[in-house]
Amino acid sequence: MSTVAPTTGPTTRAGGRGGSTPGDDRTRAGRRRRRWWQEVGWRHVVGVLAIVYAIIPILYILSASVNPIGSVVSTDLFPTTISWVNYEELFGNPGRPFVRWFLNTLLVAVVVVAGQLFASALAAYAFSRFRFKGRRGGLLTLLLIQLFPQFLAAVALFQMFTDLGRSVPQIGLDTLPGYILIMLGGALGQVWLIKGFFDSIPIELDEAAKIDGAGHAQVFFQVILPLVRPILATTGLLVFVGVFGEFLLASIFLRETNIKTVAVGLYGVLDADRSNNLGWFAAASVVVSIPVVLLFQYLQKYIVGGITAGAVKG
Amino acid sequence: MTIAPSRLVTPPPDRSRPRSTLAGRGTSTVLPLVVKVVLLGLVAGLAIAVTPALVRDGSWVFVGGLWAVVVVLLAVYATKRAVPLKYLVPGSLFLVVFVVYPILMTAQLSSTNYGDGTRGTKEATVTRIIGASAVQVPDAPSYTLAVGTTGGVADGPFTFYLVDEATGDAFAGDAEGLTELGADDATITDGVVTEVPGVTLLTRSQINDAGQAGGGLEGFTVPAGENSVIRQQGFSAVELTSPLVYDEAADTITNSETGEVYTPQRAASGDRSYFTAEDGTRLSDQSWGESIGLQNYVRAFTDPAISSDFISIFLWTLLFAVGSVGSTFFLGLALAVVMNDDRVRGQRLYRSLILLPYAIPGFIALSIWSGFWNRDFGLVNDLLGLDVNWLGQTGTARLAVLLTNLWMGFPYMFLICTGALQSIPGDLKEAASLDGANGFMQFRKVVLPLLLVAVAPLLVASFAFNFNNFNAIQLLTEGGPFSPANPTAGGTDILISYTYRLAFGNAAQQIGFASAISVLLFILTGLLAAAQFRATRSLEDVNR
């Protein structure tokens with residue numbers, strides 16, 4: 001981050017204010033001040049504006065969540081009274097089993113993240129380390145398939161799981177295992193991203209291990225995997241966020257109250273009475289968002305590198 | 001199907017130094033071998049456990065698929081050959097089973113008229129039509145009725161257990177016909193079948209529920225002779241005789257009383273057949289599921305109501321995707337450029353806060369934004385002092401959707417542009433400035449091209465994502481506003497939300513047609529993405 005520092009000053013003055021002083025080294029206080037404004041100060045103004053834009057809706061959610069009346073009409077950007085009653089109502093209401101929904105989502109997310117990472121890492125290893133027939137075609141196919149939302153085939157998936165559920169009720173419609181299986185259809189979604197990082201690991205490491213007698217599996221599990229933990233963490237986070245926000249397939253496949261994920265459950269509550277359930281929805285949203293936001297902040301610097309290498313938030 | 005995810009974390013960290021453990025080829029393969037055998041055994045065991053149920057229900061596709069998976073797994077993992085496959089198979093199996101197969105199934109469904117009103121097979125429909133016209137003739141037998149099922153009490157499969165009220169003979173009847181029950185097959189108390197081994201008998205209220213419109217028993221009849229059927233009547237059953245005769249060879253239904261002959265004929269809509277007489281009268285409004293070739297596609301392009309919908313929705317979908325990517329990229333890039341200056345204090349804090357919208361789960365943000373556009377209580381009108389009915393008119397609703405999506409997406413673009421800017425070597429810019437380039441020129445000639453190369457694939461992916469961004473539309477406007485004249489296509493509908501309504505909406509479901517639109521969407525997305533990839537030539541690194 002800091003290595004680029006010395007040269008960025010005059011270069012990125014995209015705002016285009018007075019281009020008259022690039023080489024001017026006179027250092028009177030007033031001039032310096034003006035120059036600071038021209039080169040740095042205005043950036044703060046833009047930054048603050050951007051932040052205001054970014055957080056207004058979030059402020060609104062926070063404000064709604066502490067508004068005891070919980071209705072749209074009574075909610076403003078800044079709360080007038082602060083009460084935790086909406087948060088208390090998250091618990092112990094069998095018609096809106098928030099905790100259950102949260103745990104359901106966590107379960108789905110953990111299994112899907114683990115499955116996707118594992119399958120993607122395996123495939124990425126093959127694409128990165130082996131040369132075989134159809135390698136290039138396989139990579140391109142993956143890229144193309146990734147562009148198609150699985151949801152386009154929702155009708156067929158619905159049909160498939162209706163039939164499947166008749167014979168094997170454990171994985172039919174309205175079951176978490178069934179939903180997890182569907183989500184695992186994207187198991188190879190992270191191949192490109194992880195492959196990029198595998199490529200950056202010198203192949204000499206593999207060769208050294210092989211000379212020591214390691215098989216391909218040992219190279220993978222004991223040499224390469226430990227080296228790419230940061231990218232696995234980042235990818236995992238992206239998948240995790242994706243699962244948390246997945247609404248479509250869940251809304252079709254999870255209809256019974258007790259097996260919903262937060263996305264479907266929360267939306268159902270809000271949709272039932274948009275003007276009066278806002279407080280409850282906002283409180284639930286805050287609880288759901290906090291872990292994700294914290295993880296994001298924590299992994300921020302990996303994400304910047306990771307996404308640029310090929311991931312997309314789905 | 002059971003790929004133990006925990007293997008991801010199993011290698012103990014202190015074993016990562018190869019020399020200490022990897023003594024020699026073959027000696028350290030005991031544990032992997034055990035794991036392999038256990039996993040393969042688990043998969044095979046699961047397959048064996050599930051197969052009887054699948055066979056029972058006649059789901060031969062699933063049986064075939066399941067065992068194909070087992071065979072593939074055994075072939076790949078029980079042998080020493082095909083090493084790359086060992087790594088590709090787990091994810092690929094999921095991809096094939098839960099993405100590729102459903103896509104193929106969608107294509108297959110798109111050549112049928114499957115949907116509400118056409119769910120039954122032709123035979124079932126014929127039976128139904130004949131059953132519906134049947135009347136009780138004098139001296140016809142009547143029966144006491146018990147309903148049994150080997151599946152769910154709501155959806156069957158059902159069997160009638162009948163006792164002839166006159167003779168006391170007991171029968172089991174299903175769609176195939178009647179079979180006489182021996183003394184050991186069922187327990188009969190007071191002339192009613194009260195127990196059948198291995199079968200759940202429905203209670204009276206369950207019979208009522210299942211017999212209602214849409215229930216599993218609706219229209220259920222047992223053939224009982226040439227044109228006779230046995231049908232439920234309250235809690236007993238009677239034999240009814242129909243004047244209609246179905247001739248399977250000629251595929252006609254003849255009314256034996258009037259002599260009128262009905263043949264199946266496509267209705268003008270082109271996607272349904274009815275038994276129709278020569279003079280055009282329909283015998284019944286019941287139709288059935290059948291293959292109709294490319295008719296759904298023909299309809300999408302030629303039915304004037306639908307094709308004008310389709311084209312206007314397609315154009316808006318394009319505009320929406322381009323507008324979303326363009327606006328988010330522009331704002332994200334501008335912010336990234338502005339903030340990418342280490343003399344700005346608190347850079348990290350700025351970045352963290354600008355990133356916040358990206359970390360909020362999409363459905364939450366969209367639901368909240370949907371409220372913001374409310375005319376009376378919405379935050380937008382409130383803060384700006386306006387009184388616009390944003391979601392009430394097509395133009396403003398579209399603007400609202402784009403502005404919301406800008407908020408949703410600009411942090412992501414900010415993130416990737418920041419990443420790309422940081423990866424551009426500083427000396428390149430230095431060289432450019434030595435060559436006399438000023439700030440803006442340097443940005444345009446040096447920074448921007450490099451940045452575009454880095455982010456182009458992401459822009460394409462982002463375009464494809466927005467092209468099918470169902471969430472944004474469904475959670476914000478549900479496709480609305482709708483004009484009273486056209487309840488199936490709303491002002492902000494993009495193709496995928498339109499398709500969703502066709503398939504899962506409240507109106508009559510048109511699954512076959514929705515599948516056809518899905519297939520068109522697949523093709524469109526693929527073509528557009530391929531064209532963009534070609535344009536950006538971003539696939540060079542595939543050859544690495």
Side-chain angles (χ1 to χ4, degrees), chain A residues 4-5 7-8 10-14 40 43 46-47 50-51 54 57 72-73 114-115 118-119 122-123 125-126 130 132 136 139 147 149-150 152-153 155-157 166-168 182 184-185 187-188 209 212-214 221-222 226 244-245 247-248 263 270 285 289 292-293 296-297 304 307-308 312, chain B residues 5 8 11 16 18-19 22 24-25 50 53-54 57 59 83-84 87-88 90-91 94-95 98-99 102-103 105-106 335 337-338 341-344 350 352-354 356-357 359-364 367-368 377 416 419-420 426 429-430 439 442 461 464 468 470-471 503 511 515 518 521 529 542:
Chain A
V4 202
T7 56
T8 44
T11 65
T12 48
R13 198 167 38 212
V40 182
R43 296 172 195 270
V46 174
I51 288 174
V72 172
V73 188
F118 185 63
L122 283 177
Y125 179 63
F130 299 110
F132 51 93
R136 187 166 183 277
L139 272 171
L147 292 178
Q150 199 182 9
L152 273 183
V155 175
L157 279 169
R166 204 167 292 146
S167 311
V168 194
I182 295 173
L184 280 178
L188 291 183
D212 284 347
F221 283 109
Q222 296 177 11
F244 252 73
F247 172 75
L248 277 187
L270 184 69
S285 300
S289 304
V292 186
V293 169
F296 250 85
Q297 298 301 345
V304 174
I307 293 184
T308 328
V312 194
Chain B
L8 195 63
S16 58
R19 204 171 281 277
L22 315 178
R25 200 179 287 269
V50 165
L54 291 174
D57 296 338
S59 310
V83 173
Y87 291 90
L88 293 172
F94 278 108
L95 187 74
F98 297 112
V99 178
I103 290 176
M105 222 171 122
T106 305
L335 282 177
V337 169
V338 170
D341 185 329
D342 283 0
R343 290 170 304 176
V344 177
Y350 279 116
S352 298
L353 290 174
I354 292 175
L356 271 181
I360 306 286
F363 74 96
I364 291 176
S367 304
I368 290 291
F377 323 111
I416 62 171
K429 286 180 274 191
E430 214 165 332
Q442 195 184 323
N468 293 306
F470 176 86
N471 272 8
I511 289 179
S515 301
S518 290
L521 264 176
V542 172

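The figures here come from the full heavy-atom set of this structure, side chains too, leaving out hydrogens, waters and symmetry mates. Chain naming here is simple, since letters A, B, ... match the order of the sequence lines and numbering starts at 1 in each.
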Q: With side chain to side chain contact (heavy atoms under 4.5 Å, CB included) as the criterion, how do B:Thr106 and A:Val155 come out once you've worked through the C-alpha distance, each side chain's angles and the decisive distance to 0.1 Å?
A: CA-CA 7 Å; B:Thr106 305; A:Val155 175; 5.8 Å; no
Q: Could you check whether any side-chain heavy atom of B:Phe98 comes within less than 4.5 Å of a side-chain heavy atom of A:Leu184, counting everything from C-beta outward?
A: no
Q: What part of B:Ser515 is in contact with chain A, defined as an atom under 4.5 angstrom from a non-hydrogen atom: side chain, backbone, both or neither?
A: side chain
Q: Measuring from atom CZ of A:Phe247 to atom CZ of B:Phe470, what distance do you get when rounded to the nearest 0.5 angstrom?
A: 7.0 Å
Q: Quick check on the 6.0 Å ring-centre criterion: do B:Tyr87 and A:Tyr125 meet it?
A: yes
Q: With only heavy atoms counted, which part of A:Leu270 is less than 4.5 Å from chain B, the side chain, the backbone, both or neither?
A: side chain
Q: Compare every heavy atom of B:Ser59 with every heavy atom of A:Ser167, then report the nearest pair and how far apart it is.
A: OG-OG, 3.6 Å
Q: Among B:Leu521, B:Ile511, B:Ile368, B:Val50, which residue forms the greatest number of heavy-atom pairs with chain A at distances under 4.5 Å?
A: B:Ile368
Q: Quick one: CD1 on A:Ile51 to CG on B:Leu353, what's the gap to the nearest 0.5 Å?
A: 4.5 Å
Q: Using a 4.5 Å cut-off on heavy atoms from C-beta on, say whether the side chain of A:Val168 contacts that of B:Leu54.
A: yes
Q: Considering non-hydrogen atoms only, spot the tightest contact between A:Ala126 and B:Pro84 and give its length.
A: CB-O, 3.9 Å
Q: Using side-chain heavy atoms (C-beta onward) and a distance below 4.5 Å, is B:Pro361 in contact with A:Ser289?
A: yes
Q: If we only count heavy atoms from C-beta on, is the B:Leu88 to A:Leu122 side-chain gap below 4.5 Å?
A: no
Q: Specify which of B:Ile354, B:Ile364, B:Asn471 makes the most heavy-atom pairs with chain A at under 4.5 Å.
A: B:Ile364
Q: Tell me, out of A:Ser285, A:Ala187, A:Ala50, A:Ala263, who's got the most heavy-atom pairs with chain B below 4.5 Å.
A: A:Ala263
Q: Taking the side chain from A:Gln150 and the backbone from B:Pro102, do they hold a donor-acceptor pair closer than 3.5 Å?
A: no
Q: Is the side chain of A:Arg43 donor-acceptor paired with the backbone N or O of B:Val338 at a distance under 3.5 Å, no angle test?
A: yes
Q: At their closest point, which heavy atom of A:Gly47 faces which heavy atom of B:Tyr350, and how far apart are they?
A: C-CE2, 3.6 Å
